[in-house]
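Shown next, in structure tokens, is the structure this report addresses.
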Amino acid sequence: MENRINIGELDTKVLLRACEISYGKQGAKKYTFKDYAEVYAKVDRNVSENVTNTNLEEGQEITLTIYKVVALTTRWRVVVEGRAYEITGIDPISRVSPLCHLTLHAVD
């Protein structure tokens, strides 16, 4: 990964959705997602094909580069072009960089 990103590469608006955990009457956890912020990101699509049970399936993973958000965790969701993704990884570009990489997997 490179440490330099041109500000013009952050050209796609994405929606960050924060996860709130609440508990039902029987103590079961309920996850609700509320809009947190719209930010600009660089989108890198990782298309992969897997054979599962003799079916050819396309992997729905993408990598985003965004400015760091302090409260961001892997429980959050990201909406990119109308499709929801779960965050599977948050990786800083470097210790001093204000940017980070998010690895996302499509939510079915």
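Computed from a prediction, not measured in an experiment: that's the story for all the values here. Hydrogens, waters and symmetry mates are skipped; everything else that's a heavy atom, side chains included, is used.
- Distance CG/Leu99 to CD1/Ile93: 4.5 Å, rounded to 0.5 Å.
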Output, in order, the C-alpha distance, side-chain angles, deciding distance and verdict of side chain to side chain contact (heavy atoms under 4.5 Å, CB included) for Val79 and Arg77. CA-CA 7 Å; Val79 179; Arg77 298 285 190 258; 5.7 Å; no
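- Counting heavy-atom neighbours within 6.0 Å of Tyr40 OH, excluding the residue itself, gives a total of 12 or less.
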Salt bridge (charged side-chain N to carboxylate O under 4.0 Å, His left out) between Lys29 and Glu20: does it pass, once the steps are laid out? CA-CA 10 Å; Lys29 286 185 181 180; Glu20 293 183 4; over 6 Å; no
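- The backbone N or O of Thr103 lies less than 3.5 Å from a partner atom in the side chain of Thr88, making a donor-acceptor pair.
- A 4.5 Å side-chain heavy-atom check between Asp11 and Glu9 finds every atom pair outside the cut-off.
- In this structure, Lys68 and Pro98 have side chains that are not in contact, with every pair of non-hydrogen atoms separated by 4.5 Å or more.
- Ion pairing of Glu38 with Arg17 is absent here, as no side-chain N (NZ or NE/NH1/NH2) approaches a carboxylate O to less than 4.0 Å.
- Using modelled atom types, one finds no donor on one side chain facing an acceptor on the other under 3.5 Å when comparing Thr63 with His101.
- Summarising the hydrophobic clusters (Ile, Leu, Val, Met, Phe, Trp, Tyr; side-chain heavy atoms under 4.5 Å, direct or chained), the residues clustered with Ile90 are Val14, Leu16, Tyr36, Val39, Val43, Ile62, Leu64, Ile66, Val69, Leu72, Trp76, Val78, Val80, Tyr85, Ile87, Leu102, Leu104.
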